[in-house]
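Reviewing the structure listed below.
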2 protein chains.
Amino acid sequence: MHSFTEENYLKAIYALTQKSEGSPDGSPVSLSGASSDPLPVNTNAIAERVATKAASVTDMLKKLADKQLIHYQKYQGVTLTETGRKAALNIIRRHRLWEVFLVDKLGFGWHEVHSLAEELEHIRSDELIDKLEAFLGNPQVDPHGDPIPDHAGQVRHPVSQTLSVTEAGQTVVVTGVLEHSSSFLQYLEKIGLVLNAEVLMRELNQFDKSLFIRINHQSDTFISHEVARNVLVSGKG
Amino acid sequence: MHSFTEENYLKAIYALTQKSEGSPDGSPVSLSGASSDPLPVNTNAIAERVATKAASVTDMLKKLADKQLIHYQKYQGVTLTETGRKAALNIIRRHRLWEVFLVDKLGFGWHEVHSLAEELEHIRSDELIDKLEAFLGNPQVDPHGDPIPDHAGQVRHPVSQTLSVTEAGQTVVVTGVLEHSSSFLQYLEKIGLVLNAEVLMRELNQFDKSLFIRINHQSDTFISHEVARNVLVSGKG
DNA sequence: ATATTTTTTTAGACTAGCCTAAAATGAACC
DNA sequence: GGTTCATTTTAGGCTAGTCTAAAAAAATAT
Ligand SMILES: [Mn+2]
Ligand SMILES: [Mn+2]
Ligand SMILES: [Mn+2]
Ligand SMILES: [Mn+2]
């Protein structure tokens, strides 16, 4: 169907479309169905994302447009067609299911799995993915808390907010991360701020917005605003 | 390290090297350490195996020779270097471990897994493969009875013979197949001639060498010589 | 409104892997 | 020995994906 490379471009365009949405301050967002028409994505942004040069991106955009996977007009940026969006979500579905496999079954850490899944996602066999999904027990989210799109390309974006906007006295549960870098994930693991950890917000420092929190009724920990605004939480329930 | 394509060529050359050994009549063979120097493999044979043209093979042979993976002299055929042999065995190791995963964990039939493993084998991460191996319980053979090379490229070729040379009255156990086509495997499954099935040789028809056998103390079945000489067995024990 | 800067596209070239057609070599036959 | 046939290699060309450098368009600044 589509090449390895085409799939990576589609995924990049989808991810950039998503990034341009979402509230900048971290307050709750439903994020359900990509509300209105998404903003067009820039050539340069895609180039950075797929680690190539703008000229190469332009070439590929022409090809994807020919295949009706994107809407593209010179100099005007690019958006996914419905077909393109479905294709992208299918790749993301495969990526996240493999990540669950690597963490739950093979025992990898959540900071180690991204690049492996980046390769595994390109093995395109619906039967394989469906069987894998069943074997994993139909997980709803990947090891980073990101939702796994279903067969039809439906995504359940869970309603959540960043830890940085939580108020003192509140208890919340970690549901995901906004930053996926290996070093950030390793740091979170070290302080115990992992998926499903319970967090009691004890104090919010007005000056630098740093936080004093208690994790899982045990460890009192200081974290910076920079960390807090990259951790997603939802009200205990 | 090596590309997808290079890996497929290495595997093809290794397989053809193996094929040129082994006794033609099906009698027991140890097959342990590729006894003496293997016969050189022809360009045309490789071309057929990787489904390409001889001219393309010649191009690739030059590249593999540059990389010291094969011994190659124009018109003289080709053999693997020690490095090349290790690389090939490593790919085979990955292929067979993925096949075990697909059959044992995901529930695929033994006739369905080859082409999927053909893609999965190219995801090269030693850590992934070691963890997969442990997760599968360190299997010694793949779903077709073929041995899984270890880390260092050692293969335990089990001593076995074809069902066609078994004598009347003997009881043997199915340990593998020589033919891996999907239709053959499906046929074997239908008649119950699967891995570890116990076979009592009841009668050997002198005229056409067809066999009358009892499978697992239950079903009496006729099979042709053509089938019998593609099924590997070893003495019950 | 013009000039400057940034972004994007075009032009032309490169590599990996593949092809067909033609030339070279080796094996088989007489 | 020489002739014929099969195998292998070379020559030249194609596509996908990449690159650099230059041209074109859009955005920004004065
Ligand atoms: Mn990828
Ligand atoms: Mn993830
Ligand atoms: Mn392969
Ligand atoms: Mn196998």
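Note that the coordinates shown come from a computational prediction; the quantities given were computed from them, not determined experimentally. Chain identifiers are assigned alphabetically (A, B, ...) following the order of the sequence lines, protein sequences preceding nucleic acid strands; residue numbering begins at 1 within each chain.
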Selected nucleotide, minimal atom distance to A:Ala55 side chain, candidates D:dT20, C:dC18, D:dA11: D:dT20
Side-chain N,O (A:Thr43) to OP1/OP2 (C:dT7) below 4.0 Å: no
Integer-rounded Å distance: C:dT8 P and A:Glu48 CD: 12 Å
Partner set under salt bridge (charged side-chain N to carboxylate O under 4.0 Å, His left out) for A:Glu48, not counting sequence neighbours: none
Minimum-distance nucleotide (side-chain atoms of A:Thr58 versus D:dT9, C:dC18, C:dT9): C:dT9
Sequence-distant partners of B:His2, ring pair (Phe, Tyr, Trp, His ring centres under 6.0 Å), two or more places apart: none
Of the listed nucleotides C:dT8, C:dC18, D:dT8, the one nearest the side chain of B:Asp59: C:dC18
Stretch residues 66-81 of chain A: residues that reach within less than 4.0 Å of DNA chain D through a heavy atom: A:Tyr75, A:Gln76
Flag, side chain of A:Ser182 to backbone of A:His111, donor-acceptor distance under 3.5 Å: yes
Sugar-phosphate, base or nothing in reach of B:Tyr9, heavy atoms under 4.0 Å: sugar-phosphate
Sugar-phosphate, base or nothing in reach of A:Ser56, heavy atoms under 4.0 Å: base
Phosphate OP1/OP2 of D:dA16 contacted by A:Ser3 side-chain N/O (<4.0 Å): no
Side-chain ion pair, A:Glu7 and A:Lys11, N-O less than 4.0 Å: no
Compile the donor-acceptor pairs under 3.5 Å between side chains in residues 134-149 of chain A and protein atoms, sequence neighbours left out, one pair per line.
from     : atom 1 : to       : atom 2 : distance (Å)
A:Gln140 : NE2    : A:Asn138 : O      : 3.3
A:Asp142 : OD1    : A:His144 : N      : 2.6
A:Asp142 : OD1    : A:Gly145 : N      : 3.1
A:Asp142 : OD1    : A:Asp146 : N      : 3.1
A:His144 : ND1    : A:Glu99  : OE1    : 3.1
A:His144 : NE2    : A:Trp110 : O      : 2.8
A:Asp146 : OD2    : A:His180 : NE2    : 2.8

Spacing of A:Phe4 atom CZ relative to D:dT18 atom C1', expressed in whole Å: 15 Å
Interatomic distance, B:Leu61 CG vs D:dT7 C1' [rounded to whole Å]: 13 Å
For atom CG of B:Leu64 and atom C1' of C:dA16, their distance in whole Å: 13 Å
Partner residues of B:Lys53 under the salt bridge (charged side-chain N to carboxylate O under 4.0 Å, His left out) criterion, sequence neighbours left out: none
Per B:Lys53 side chain, nearest of listed nucleotides C:dT20, D:dT18, D:dT8: C:dT20
Residue pairs, two or more places apart or on separate chains, that pass ring pair (Phe, Tyr, Trp, His ring centres under 6.0 Å) and touch residues 52-93 of chain A: none
OP1 or OP2 of C:dT6 under 4.0 Å from side-chain N/O of A:Asn44: no
Residue met sooner reading DNA chain D from 5', once A:Thr5 and B:Lys62 are mapped to nucleotides: B:Lys62
Between C1' of C:dA27 and CG of B:Asn42, the distance in whole Å: 12 Å
